Amino acid sequence: MKRTLLFILPILIIVAIGFTIFGIIQVRFTEEKLMDDLKRKAKTVDESMEVSARYILINNDLRSARRLVESFQKRERLQGCAIYDKDGQILAITERITEWKLKEKPYLKDALATKNSRGAIEKFGDYSVYSYVLPVLDDENNVLGLLEVIYDTSYLFTTLTELWRKISITLIILISMITLVAFLIQRQIFIMPVRRLTEWFAHFQRGDTDKLRPFKEKGEFGKLVSEIEQIALGLRVARKVVSEEAHVRFQKEDVWTQAKLKDLIHAKLGDNALFVVSNREPYMHVMDETSGSIKCIRPASGVVTAIDPILRACGGTWIAHGSTEADRKFVNSKDKLGVPPEDIRYILKRVWLTKEEEEGYYYGFANEGLWPLCHVTHTRPIFREADWQMYKKVNQRFADSILEELPAKDPFVFIQDYHFTLLPKMLKDKRPDARIALFWHIPWPNPEVLAICPYQQEILDGMLACDLIGFHVQYHCNNFIDTANRLVECRVDTEKFSVVRANKETLIRAFPISVNGYISGKLKDTDKEQMNKVRDEFKLKDKIVGVGVERIDYTKGIVERILAIDRFLEKNPEYKNKFVFIQLAAPSRTHIKRYHELIGEIDELVEKKNWKYSDWDWKPIIYLKRHFSPEEIRPYYALADFCIVSSLHDGMNLVAKEYVASRGDCSGALILSKFTGASRELTDAVLINPYSIEEFADAIKFTVEMPEDEKRRRMENMRKIVSENNIYKWAGNIITELTALKKT
């Protein structure tokens with residue numbers, strides 16, 4: 001519409017200016033013509049009355065004078081007449097203009113003195129009249145008196161107003177016709193060809209090749225279209241070749257790598273791109289408080305850590321909530337941008353939510369309801385009807401945004417986590433051909449716990465619209481199967497480990513998530529510089545250093561960790577001034593009361609324990625509370641002698657695997673909670689019950705005093721597990737499972 005307006009507006013402005021100038025000239029010409037006609041009529045009337053007026057003035061016949069002026073009483077447009085003596089005094093005046101005698105008339109003296117007639121527009125009350133004065137002379141050319149005729153000029157202004165109205169109507173009609181004609185011309189010449197080209201591209205992008213029709217455009221536009229068709233044809237051929245080559249390479253490679261996953265995507269999905277959906281966006285734009293500039297960061301999130309390497313490898317589209325105001329400045333007209341900013345590999349599409357929607361859907365139902373419901377940390381879940389309605393609304397908002405992007409045939413949508421339990425059904429209702437997988441990144445509770453949720457039926461219905469649901473560990477799969485069997489009408493196939501509801505089968509599988517090993521191997525020079533900088537800043541030389549990396553969340557066991565460090569120092573005072581623990585903590589969900597209270601609790605506890613052991617410039621706990629990028633975390637992993645992961649309940653916990661992947665020299669040790677999914681794989685870690693502070697403290701001592709050979713053996717075993725079961729294998733297994741399902 002804006003382009004059409006820009007095309008038509010200059011034409012309309014030129015026409016309007018030209019027509020206005022023409023109107024002004026026409027009105028002025030008409031006005032002059034009417035005034036000339038009025039002057040001529042007034043002069044004629046005065047001259048026709050001159051003989052009668054001369055007789056009246058010579059004989060001083062006032063009766064005849066009154067009869068003469070009253071004869072103008074009923075004449076149209078002629079207001080009246082006045083007869084003056086040679087001194088300018090009124091002898092007789094038409095009754096309807098009696099008030100005229102009260103008006104100052106300096107022009108009478110000029111007429112008496114010069115003996116010349118005079119005509120002009122005069123003000124009379126609230127309107128104007130035309131006055132024509134004729135001196136009445138005797139035979140000797142002496143002035144006997146004056147005869148004044150007064151004409152109504154309102155008809156002049158009425159005529160001119162009507163003329164302006166006709167000109168305006170004509171201009172409006174002309175502008176409307178020009179606009180319509182110009183729009184039709186532009187539509188035929190520009191809009192329709194571009195629209196046909198846009199539709200052609202939309203079909204091509206969605207892989208709907210059956211609807212592609214050749215263009216028959218001529219001229220320069222036809223040449224452009226022809227070139228585009230050739231490029232598109234080349235891309236289709238190239239895609240086919242790449243898919244076949246990828247299939248061959250995939251069969252040859254044994255170790256899961258970024259390249260192998262990319263080959264699998266091409267071999268299994270072909271032209272269809274991968275669509276990932278999550279609440280947390282992989283890259284967000286925030287204002288730097290120190291410099292005032294906007295910077296792009298990766299938020300602290302296990303989902304981001306896991307999924308970003310996959311899309312970097314194979315491309316596709318990630319649809320997520322645009323969480324900051326600065327985010328809006330970096331998207332195109334379709335709310336998309338290429339990421340990562342420094343090396344674009346895939347598309348990020350941002351979905352915008354209002355504050356009310358975010359409050360109800362994310363902070364309310366998802367994180368005050370489902371999150372504590374699924375984590376056994378003795379935090380009571382809160383379910384509000386208003387939050388549930390907002391949760392449904394936001395799920396529909398995401399569904400609409402995804403449906404806009406899906407290709408024509410067999411799209412693959414990979415949904416992440418508990419924020420979108422209703423989304424699979426919303427997508428399946430519109431696109432039953434879509435292949436949908438949902439991965440649940442947090443624990444799944446047993447049926448008795450899920451039964452607490454008043455919306456259990458809708459949640460399970462939404463999830464069971466998936467073709468595949470993945471969990472970290474088999475225990476959570478078992479819980480889900482039991483929950484579905486107990487709470488909804490369905491059939492459980494224990495042999496295939498699937499749930500059939502309303503003739504729709506959903507596979508339930510365990511896929512232990514991992515990392516890509518992007519920080520394994522030798523340290524970069526920049527990382528070494530940062531590591532030395534951290535060591536000098538916090539005076540860590542010759543110190544035993546531990547590290548913890550978490551969001552501030554009550555499931556992560558940060559409070560228990562601090563208490564265990566305190567107990568370790570109480571039981572082992574010889575480690576005072578020799579031991580330092582660095583806690584990197586990213587504030588999270590601070591709008592929720594429980595999280596806000598937790599931040600204050602941790603702040604107070606750290607300060608209290610540091611004061612307890614304060615000795616000059618040494619303190620046992622260094623608490624760094626802010627968001628850290630993966631690049632900022634690497635130096636802390638590198639210099640740490642051990643890492644603590646003390647989650648009270650966790651689906652997997654990728655911090656444990658990140659730390660293991662970072663130990664390229666196989667040094668270091670991992671203290672790991674038994675209540676994490678990672679503990680099922682990383683059995684060579686020092687496993688703890690974080691609720692048992694005594695056991696926790698003893699585990700720290702055991703880890704610190706562990707022989708180097710033992711540390712190396714344990715770390716080598718864990719690194720082998722992380723290396724083989726990496727994020728590419730995780731994604732590959734999910735894609736393979738889902739595509740195999742479609743072939744049966």
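The model shown is predicted, which means the values in this text are computed figures rather than measured ones.
W611 does not carry K608 over the face of its six-membered ring by the limits of under 6.0 Å from the centre and within 45° of the normal. In this structure, R594 is not positioned above the aromatic face of W371 in the sense of NZ or CZ being under 6.0 Å from the six-membered ring centre and within 45° of the axis.
Residues meeting the side-chain contact (heavy atoms from CB on, under 4.5 Å) test with I294, sequence neighbours left out: H285, M287, A326, K329, F330. Legend: residues meeting salt bridge (Lys or Arg N to Asp or Glu O under 4.0 Å) with D335, ordered by chain and number and at least two apart, are absent. In this structure D542 satisfies the salt bridge (Lys or Arg N to Asp or Glu O under 4.0 Å) test with no other residue, sequence neighbours excluded. With sequence neighbours left out, the side-chain contact (heavy atoms from CB on, under 4.5 Å) criterion links S401 to I319, K349, V351. R312 pairs by the side-chain hydrogen bond (donor to acceptor under 3.5 Å, both in side chains) definition with Y283, D308, not counting sequence neighbours. K533 meets the salt bridge (Lys or Arg N to Asp or Glu O under 4.0 Å) test with no other residue; sequence neighbours excluded. Partners of E560 under the salt bridge (Lys or Arg N to Asp or Glu O under 4.0 Å) rule, at least two apart in sequence or in another chain, do not exist in this structure. Residues passing the side-chain contact (heavy atoms from CB on, under 4.5 Å) test with R626, sequence neighbours excluded: F628, E632. Shown here are the side-chain contact (heavy atoms from CB on, under 4.5 Å) partners of S667, two or more places apart in sequence or in another chain: R663, D665. Remark: F439 pairs with H441, H472, W730 by the ring-ring contact (aromatic ring centres under 6.0 Å, His included) rule, at least two apart or across chains.
The neighbour count for Y475 OH, taken as heavy atoms of other residues, nucleotides or ligands under 6.0 Å away, does not exceed 12.
If you check the side chains of N717 and R714, you find no donor sitting under 3.5 Å from an acceptor. For the residue pair R561 and S646, a side-chain donor N or O sits within less than 3.5 Å of a side-chain acceptor on the partner. Using a 3.5 Å distance cut-off with no hydrogens or angles, the side chains of D553 and Y595 do pair a donor with an acceptor. Side-chain contact annotation: K729 with N725, donor-acceptor N/O pair under 3.5 Å present. With 3.5 Å as the limit, one finds no donor-acceptor pair spanning the side chains of Y363 and E368.
The side-chain hydrogen bond (donor to acceptor under 3.5 Å, both in side chains) contacts involving residues 691-707 comprise R567-E694, K571-E694, K571-D698, Y575-E705, K701-E705, where partners must be two or more places apart or lie in separate chains. Legend: salt bridge (Lys or Arg N to Asp or Glu O under 4.0 Å) pairs involving residues 675-688, not counting sequence neighbours, sorted by first then second residue: K657-E681, D684-R713.
To the nearest 0.5 Å, atom CD1 of residue I602 and atom OH of residue Y554 are 13.0 Å apart.
Using a cut-off of 4.0 Å between Lys/Arg side-chain N and Asp/Glu carboxylate O, K556 and D650 are scored as salt-bridged. Electrostatic pairing of R397 and E357 counts as a salt bridge here, judged by a charged N lying under 4.0 Å from a carboxylate O.
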(request) Dump the intermediate steps for salt bridge (charged side-chain N to carboxylate O under 4.0 Å, His left out) on D343 and R345, then the final yes or no. (result) CA-CA 6 Å; D343 181 22; R345 297 295 186 89; 3.1 Å; yes
(message) Checking E716 against R719 for the salt bridge (charged side-chain N to carboxylate O under 4.0 Å, His left out) test, could you report, in this order, the C-alpha distance in whole Å, the side-chain angles of both residues, the deciding distance, and whether it holds?
(response) CA-CA 5 Å; E716 285 176 348; R719 282 180 58 79; over 6 Å; no
(request) Apply salt bridge (charged side-chain N to carboxylate O under 4.0 Å, His left out) to the pair E281 and R350, showing each step before the final yes or no. (result) CA-CA 8 Å; E281 57 183 337; R350 286 167 169 162; 2.8 Å; yes
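A tilted orientation is assigned to the rings of W388 and F365, their planes being inclined by 30° to 60°.
For the pair N653 (side chain) and A678 (backbone), a donor-acceptor distance under 3.5 Å is absent.
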